Undergrad: 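Could you have a look at this structure, given as structure tokens, before my questions?
In this text the structure is predicted, and so the values were computed from the model without any measurement.
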Amino acid sequence: CELEGEVYNGGFHQYFFNSSGSRYAYATLGLEDMGALQSLTLLRRAQSVLFGDQEQPSATSQRREVLNQPSSGASQEALRELDKLFWEDPDALHEKISGYAKSHGLF
């Protein structure tokens, strides 16, 4: 839910800039477990655009240092394209999240 809310509100940059980015590993596991593989691919591609081949810092302050550095126009455009693809909701993510939560007794 956190990934969905952050990306719909301000894109992948916002997701990684905020404390939510600290839970990237959990988001990837959750998307995989739910079978939201297109969303998972978009998330991983956004992580790569923002952090390259390096592992992203888990601490919010360290991620913000990286994210506050100037980026190329190409990477900004790539991130905007990933945002648009996520917003098209290729996995019907909200329904997958709701079904997952119900089947696991989370609400």
Undergrad: Once you round to the nearest 0.5 Å, how far does OG of Ser58 lie from CD of Gln56?
TA: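 Between atom OG of Ser58 and atom CD of Gln56 there are 8.0 Å.
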
Undergrad: Determine, step by step, whether Arg45 and Leu42 satisfy the side chain to side chain contact (heavy atoms under 4.5 Å, CB included) criterion, reporting the C-alpha distance in whole Å, the side-chain angles of both residues, the deciding distance to 0.1 Å, and the verdict.
TA: CA-CA 5 Å; Arg45 287 175 55 197; Leu42 295 172; 4.2 Å; yes

Undergrad: For Arg64 and Asn18, work out which heavy atoms get closest and say how close.
TA: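 In this case the closest contact between Arg64 and Asn18 is NH2-OD1, 3.7 Å.
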
Undergrad: Can you hop from Leu29 to Leu31 via hydrophobic side chains spaced under 4.5 Å?
TA: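 No, no single cluster joins them.
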
Undergrad: Which atoms form the tightest heavy-atom contact between Ile97 and Cys1, and what is the distance?
TA: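 Distance-wise, the nearest heavy atoms are CG2-SG, 3.4 Å.
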
Undergrad: Could you label the plane-to-plane angle of the Phe12 and Phe86 rings as parallel, tilted or perpendicular, counting under 30° as parallel and over 60° as perpendicular?
TA: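 Perpendicular, since the angle between the ring planes exceeds 60°.
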
Undergrad: Could you check if a side-chain atom of Ser22 sits within less than 4.5 angstrom of a side-chain atom of Arg63, using non-hydrogen atoms only?
TA: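 Of all side-chain heavy-atom pairs linking Arg63 with Ser22, at least one is under 4.5 Å.
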
Undergrad: Determine whether more than 12 heavy atoms belonging to other residues, nucleotides or ligands lie under 6.0 Å from atom CZ of Arg23.
TA: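 Atom CZ in Arg23 is packed in, count exceeds 12.
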
Undergrad: If two hydrophobic side chains count as joined below 4.5 Å and joins carry through other members, does Leu43 share a cluster with Tyr26?
TA: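 The answer is no; the residues belong to distinct hydrophobic clusters.
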
Undergrad: Should Leu50 and Leu79 count as side-chain neighbours, where that means a heavy-atom distance under 4.5 Å?
TA: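 Yes, close enough: below the 4.5 Å cut-off.
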
Undergrad: Any chance you could measure Ser61, atom OG, to Asn68, atom CG, to the nearest 0.5 Å?
TA: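 One gets 11.0 Å once the value is rounded to the nearest 0.5 Å.
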
Undergrad: Hey, mind stepping through Phe16 and Val49 against side chain to side chain contact (heavy atoms under 4.5 Å, CB included) and telling me if it holds?
TA: CA-CA 11 Å; Phe16 286 105; Val49 166; over 6 Å; no

Undergrad: Between atom CE of Met34 and atom CG of Leu37, what is the distance when rounded to the nearest 0.5 Å?
TA: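 Output value for this atom pair is 10.5 Å.
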
Undergrad: Please give me the minimum heavy-atom distance between Pro90 and Leu85, naming the atom from each residue.
TA: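 Taking every non-hydrogen atom into account, CD-O, 3.5 Å.
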
Undergrad: Please confirm whether the backbone N or O of Gly5 pairs with a side-chain atom of Asn9, one donor and one acceptor, at under 3.5 Å?
TA: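 Looks like no, no N/O pair under 3.5 Å.
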
Undergrad: For the backbone of Leu93 and the side chain of Asp89, can you confirm whether one donor and one acceptor N or O come within less than 3.5 Å of each other?
TA: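 Yes.
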
Undergrad: Search all heavy atoms of Tyr15 against all heavy atoms of Ala27 and return the closest pair with its distance.
TA: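 In this case the closest contact between Tyr15 and Ala27 is OH-CB, 3.5 Å.
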
Undergrad: Are the side chain of Gln47 and the backbone of Tyr24 linked by a donor-acceptor contact shorter than 3.5 Å?
TA: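 Checked: no pair found.
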
Undergrad: Short question: side chain of Ser48, backbone of Arg44 - any donor-acceptor pair under 3.5 Å?
TA: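 A pair under 3.5 Å: no.
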
Undergrad: Taking atom OG of Ser19 and atom CD of Glu6, what is their separation to the nearest 0.5 Å?
TA: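 Answer for the OG-CD pair, Ser19 versus Glu6, is 7.0 Å.
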
Undergrad: Nearest 0.5 Å, please: how far is OG1 in Thr41 from CD in Gln38?
TA: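 One gets 7.5 Å once the value is rounded to the nearest 0.5 Å.
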
Undergrad: I'd like to know if the side chain of Thr28 and the backbone of Ala25 have a donor-acceptor N/O pair within less than 3.5 Å.
TA: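 Answer holds: yes.
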
Undergrad: Supply the atom-to-atom distance Leu40 CG to Asp33 CG, rounded to the nearest 0.5 angstrom.
TA: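 It comes to 11.5 Å.
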
